[in-house]
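Report on the following structure.
Chain naming here is simple, since letters A, B, ... match the order of the sequence lines and numbering starts at 1 in each.
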Protein chains: 2
Amino acid sequence: MKMNEGVEWAMHSCVNLSWLPGEAVTAKRLAAFYNLPTAYLNKQLQALARAGIVSSISGPKGGFQLARDPRKISLLDIVVAIDGADDAFRCTEILKAGPGANPKADYVKTCQISRAMRAAELTYRRELAAQTIADIAEQVLAEHPDAPDNTRSHFANLTV
Amino acid sequence: MKMNEGVEWAMHSCVNLSWLPGEAVTAKRLAAFYNLPTAYLNKQLQALARAGIVSSISGPKGGFQLARDPRKISLLDIVVAIDGADDAFRCTEILKAGPGANPKADYVKTCQISRAMRAAELTYRRELAAQTIADIAEQVLAEHPDAPDNTRSHFANLTV
DNA sequence: GAAAGCCTACTCGGATACTTCTTGTCCGAGTTCATCAGG
DNA sequence: CCTGATGAACTCGGACAAGAAGTATCCGAGTAGGCTTTC
């Protein structure tokens, strides 16, 4: 069980974008910031755009920017946008193949194992839903007060 | 992000084994119970054996049985045994490639995004660690009081 | 000199290969039990 | 009749393919701005 690597990239990129409000940043520049493969990061940003987390602009002077307030973008939003909304544990209702099975029963909901696994994933998602990009940015700011300015100047000095 | 399908099979099989204490059940019979592919279920049971969750006996009259009290087997134990102990979210420390990075810093622990993701997974694992095979069996028993007897008789009547 | 049209350069977007992991299968090592030969 | 060795059948165990998903890349559709041409 492993999550898409793009989730990490997307989260860091969103934090960076939160420090460049109203500015369209190209995928090339976002990738150069962390030495990431441009085309692949672009793919992740497209997924964020489809989910309505960032807005994209084509052409020269184009790029990506946050589509809404960072306080309204949770880590779960990003995970769902890139990694999909499906649960990691997939109940295939094997009880249906067992003895004494009720063909009309919804074992996804009634099977105790399925319930326990889904409950655990629910707490996981709740944790992620409670953390926003703004929260992360605030925590970074508390530890490194000059991080936003450094980020902005680094983007300004990028040659690509 | 998807979890190994074998996790579901292993959990159901462990519950069944908890109702057949002291009896060695072959992978073939456990697979027949839910119409699962025998060889593949065998592979999962091997993983459980390596993790010390079940004990295996070779040869005729051989098979698998729980290696310890079902109250001491958590759902997390099974997930770890089959799906591995690694976190789903892998922090690759992309901050190291960014500007102003400290080469000696351990960003897995200090990066706020990494911390948030790991904290969420921790709650997930805690939930799973709190649920045991005995708990599941008890919940099933409460809803279907005759489940253990039905399971035992079905295993007894299996032709394979 | 000003305005309109064209052209170039640059961006995102989706379609396309490649690698890794999950899924599924097979045959060998080891063990138990039944059988058979010998005392 | 009893004891021991032998062989066959059955089990787990790890090594071996097939398929799906994640990873990485490329080229086309569309746009903004600058340049040229014309009035």
Side-chain angles (χ1 to χ4, degrees), chain A residues 1-10 13 17 23-32 34-65 67 79 81-86 88-90 92 94 158-160, chain B residues 1-10 13 17 23-32 34-65 67 79 81-86 88-90 92 94 158-160:
Chain A
M1 178 175 62
K2 64 177 194 179
M3 180 174 287
N4 273 12
E5 203 175 357
V7 171
E8 184 186 10
W9 306 356
S13 294
L17 286 176
E23 184 174 337
V25 186
T26 67
K28 193 191 289 185
R29 291 161 66 78
L30 283 170
Y34 294 123
N35 268 322
L36 301 175
T38 301
Y40 193 29
L41 176 62
N42 187 32
K43 190 189 180 76
Q44 317 298 345
L45 292 169
Q46 284 173 35
L48 294 183
R50 272 193 295 272
I53 294 171
V54 302
S55 62
S56 62
I57 305 168
S58 272
K61 296 286 181 183
F64 296 91
Q65 54 184 311
V79 169
I82 292 181
D83 210 55
D86 291 345
F89 180 85
R90 298 158 290 166
T92 58
I94 69 175
L158 274 182
T159 57
V160 293
Chain B
M1 180 173 64
K2 65 175 195 180
M3 180 174 287
N4 273 11
E5 203 176 356
V7 171
E8 183 186 10
W9 305 356
S13 293
L17 287 176
E23 184 174 338
V25 186
T26 68
K28 192 190 291 184
R29 289 161 67 79
L30 283 169
Y34 293 122
N35 268 324
L36 302 174
T38 302
Y40 193 30
L41 176 63
N42 187 32
K43 191 188 183 78
Q44 318 297 347
L45 293 169
Q46 285 173 37
L48 295 183
R50 271 194 297 271
I53 294 171
V54 303
S55 60
S56 62
I57 305 169
S58 271
K61 295 289 179 180
F64 296 91
Q65 55 184 312
V79 169
I82 291 181
D83 209 56
D86 291 346
F89 180 85
R90 298 159 289 166
T92 58
I94 68 175
L158 275 180
T159 57
V160 294

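A heavy-atom distance below 4.5 Å is found between the side chains of V54(B) and F64(B). The shortest distance between side-chain heavy atoms of L41(B) and S13(B) falls below 4.5 Å. Between R90(B) and K2(A) the shortest side-chain heavy-atom distance falls below 4.5 Å.
Atom pair Q46(B):CD and dG14(D):P shows a separation of 6 Å (rounding to whole Å applied). Atom C1' of nucleotide dT31(D) and atom NZ of K61(A) are separated by 14 Å, given to the nearest angstrom. Straight-line distance from the CD1 atom of I57(B) to the C1' atom of dA29(C): 17 Å, rounded to whole Å. Between the OH atom of Y40(B) and the P atom of dG19(D) there is a distance of 15 Å, given to the nearest Å. N42(B) has its CG atom 14 Å from the C1' atom of dA29(C), to the nearest Å. If you measure from atom CG of D86(B) to atom C1' of dT20(C), you get 15 Å, rounded to the nearest angstrom. Taking atom CD of residue Q44(A) and atom P of nucleotide dT23(D), one finds them 8 Å apart after rounding to whole Å. Rounded to whole Å, atom P of dA21(D) lies 17 Å from atom CE of M3(B).
Counting any heavy atom pair closer than 4.0 Å across all strands shown, K28(B) reaches sugar-phosphate atoms only and no base atom. Within 4.0 Å (heavy atoms only), K43(B) reaches at least one base atom of the nucleic acid. At the heavy-atom level, G6(B) lies nowhere under 4.0 Å from the strands shown. Nucleic acid contact class of A27(B) (heavy atoms, under 4.0 Å, all strands): sugar-phosphate only. Within 4.0 Å (heavy atoms only), R50(B) reaches sugar-phosphate atoms of the nucleic acid but no base atom. Among the heavy atoms of the strands, none lies under 4.0 Å from L45(B).
Separation of atoms CG (L45(A)) and OG1 (T38(A)) is listed at 10.5 Å; rounding is to 0.5 Å. Between the CG atom in L17(A) and the OG atom in S55(A) there is a gap of 9.5 Å [rounded to 0.5 Å].
In terms of position on DNA chain D, the residue among S58(A) and L41(A) whose nearest nucleotide sits closer to the 5' end is L41(A). For the pair W9(B) and A49(A), nearest-nucleotide mapping onto DNA chain C gives the more 5' position to A49(A). Remark on DNA chain C: of its neighbouring residues A39(A) and G59(A), the 5'-side contact belongs to G59(A), judged by nearest-heavy-atom nucleotide.
Between R90(A) and dT22(C) there is no side-chain polar atom (N or O) within less than 4.0 angstrom of OP1 or OP2. The phosphate of dT23(D) (OP1 or OP2) has a side-chain N or O of N4(A) nearer than 4.0 angstrom. Side-chain N/O atoms of S56(B) include one lying less than 4.0 angstrom from OP1 or OP2 on dG13(D).
The side chain of F64(B) lies closest to dG13(D) when the candidates are dG13(D), dT11(D), dG13(C).
Looking at D83(A), its side chain never comes within 3.5 Å of a backbone N or O of M3(A) through a donor-acceptor pair.
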